[in-house]
Amino acid sequence: MVPTVYLDYAATTPVDPRVIAAMKPYFSDIFGNPSSVHRAGQQAEGALEGARRQVAEVLGAQPAEIIFTGCGSESDNLALRGAAWAGRMDRGASHILVTPVEHDAIGATADDLARRQEFEVERLTVDPHGRIEPGTLANAVRPDTAIVSVIYGNNEVGTVNPIPELAAVCRQAGVPLHTDAVQAGSQLPLDVDALGVDLMSLGAHKFYGPKGVGALYVRSGTRLSPHLTGGSHEFGLRAGTPNVALIVGLAEALRITAQERDEHNQRYRALRDRIIQRVLAEVPDAKLTGDPAERLPNHASFVLAGVDGNALLAALDLAGFACSSGSACKTGDPEPSSVLLAMGLAPDLALGSLRVTVGRQTTEADIDAFCDSLPKLIARLRRAEVAPG
Ligand SMILES: *Cc1c(COP(=O)(O)O)cnc(C)c1O
């Protein structure tokens, strides 16, 4: 078997051993329910609130502004549904502004609100790099806009949006801004006051924490209706006994990530730029997708004319490289990515997408091996494409 070079850190990351060590006691020794009055419960409650303080510190927020959830998708759902429902209830606002380059956790949730509850969902236009201009938002935002949601760092094409400028537009209009920072969490600044956001989603498994836990920052005073009802956990915004072990893991992973961010980013940028430079130089008709400058430090993404993205991923996997197309297209039923289409790419070109994302374990040798193999694999696929039968 060929050992796999993992180049799909945008899909998920391995859990940091320091995070595993921090979580361990909370699966067995300290297992109490944080809502219980007795000492075992209070011990768990102490860990939960410690984690909340730790997350708040990284975000420059207050502990009471941090809601723990079951994943990044749930944070997105709570932000969008919660703000939409509260906006309609409080001020009759039924207009939702999102972008066409959101993760499905926002895109499909917006569509669901439109279909089932008659919210008016509008998608802002993006530039060819998938970026949202503050002027575009200023022209589209309305007094009856319940919520604006703009992705921070794009999972598919790596583009970073100008969140502080977009937040200024929202503040002027008196409309809350949510940002999906799930992909950005491992690399970009997360200070909520510098960003100016009212709501921000995070998911631990994108920054070397465990899967199945997320957080939502909710700026004090931002109105939100819960979509998961029951007990009064998480300030009444998310019912359910908190998973203390995973929450401790999220907090520790976030603390470590913030602390080591600059050091890792510097290395990522060098690896990323090496990939981009070599692919563009050595693969005929390769085109970079996403913003060339304003992009996530670990993220390289391309479209390759005349190549089926799924076939390429399978060939790369056989050769020992784990990459992604960056989209959710399924084998056998290839739909071009709506993100790439919104950026103005032709459907047949959008089917030839490739995403290569590096992380803490990636070495220069990995990148060289990948860049040595890729042109040959693509040439072979292109020959097969034009060959009869
Ligand atoms: C991964 C991801 C999500 C979903 O997070 P989960 O924790 O897997 O539910 C949402 N948005 C973006 C941008 C992501 O990259």
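Indexing begins at 1, ligand by ligand and atom by atom, following the structure's order.
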At what distance is the nearest protein heavy atom to [atom], and which residue and atom is it?
atom: atom 7 (O) of ligand 1; answer: G72 N, 2.8 Å
atom: atom 11 (N) of ligand 1; answer: D180 OD2, 2.7 Å
atom: atom 9 (O) of ligand 1; answer: S73 OG, 2.7 Å
atom: atom 14 (C) of ligand 1; answer: K206 NZ, 3.0 Å

Should the heavy atoms of other residues, nucleotides or ligands under 6.0 Å from CD of E57 be counted, would the total exceed 12?
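No, not enclosed.
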
Got a sec: does the CD of Q42 have more than 12 other heavy atoms crowding it under 6.0 Å?
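Yes, CD of Q42 has more than 12 neighbouring heavy atoms, counting only those of other groups under 6.0 Å.
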
Please work out, at 4.0 Å between heavy atoms, whether the side chain, the backbone, both, or neither of T12 comes within that distance of ligand 1.
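No part of T12 is near ligand 1 at this cut-off.
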
With a 4.0 Å heavy-atom cut-off (strictly under), which part of I151 contacts ligand 1: side chain, backbone, both or neither?
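Only the side chain of I151 comes within reach of ligand 1.
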
With no hydrogens and no angle check, is any side-chain donor or acceptor of R91 less than 3.5 Å from a backbone partner on P143?
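Pair found, side chain donor or acceptor close to backbone of P143.
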
With side chain to side chain contact (heavy atoms under 4.5 Å, CB included) as the criterion, how do F370 and R278 come out once you've worked through the C-alpha distance, each side chain's angles and the decisive distance to 0.1 Å?
CA-CA 10 Å; F370 171 77; R278 284 199 60 185; over 6 Å; no

V182, any N or O under 3.5 Å of ligand 1 N or O:
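No, V182 has no N/O under 3.5 Å of an N/O on ligand 1.
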
Contact check: N155 vs ligand 1, nitrogen or oxygen atoms, below 3.5 angstrom
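No: no nitrogen or oxygen of N155 is under 3.5 Å from one in ligand 1.
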
Subset of ligand 1 atoms that lie under 4.0 Å from at least one heavy atom of C71
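With C71 as reference, the close atoms of ligand 1 come out as 7 (O), 9 (O).
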
List ligand 1 atoms under 4.0 Å from D76, heavy atoms only on the residue side.
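Listed by number with element, the hits are 10 (C), 11 (N).
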
Between N298 and T357, do the side chains contain a donor N or O and an acceptor N or O under 3.5 Å apart?
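Side chains of T357 and N298: no pair found under 3.5 Å.
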
Would you indicate which of H103, E156, K211, H205 comes nearest to atom 12 (C) of ligand 1 when only heavy atoms are counted?
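Ranked by closest heavy atom to atom 12 (C) of ligand 1, first place is H103.
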
Does D193 come within less than 4.0 Å of R219, counting only side-chain N to carboxylate O?
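A salt bridge is present here (some side-chain N lies under 4.0 Å from a carboxylate O).
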
Parallel, tilted or perpendicular for H264 and Y268, by the 30°/60° rule?
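The rings of H264 and Y268 lie parallel, inter-plane angle below 30°.
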
Per the side-chain contact (heavy atoms from CB on, under 4.5 Å) rule, which among L48, V213, T69 passes with P242?
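It is L48, the one option of L48, V213, T69 that forms the side-chain contact (heavy atoms from CB on, under 4.5 Å) with P242.
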
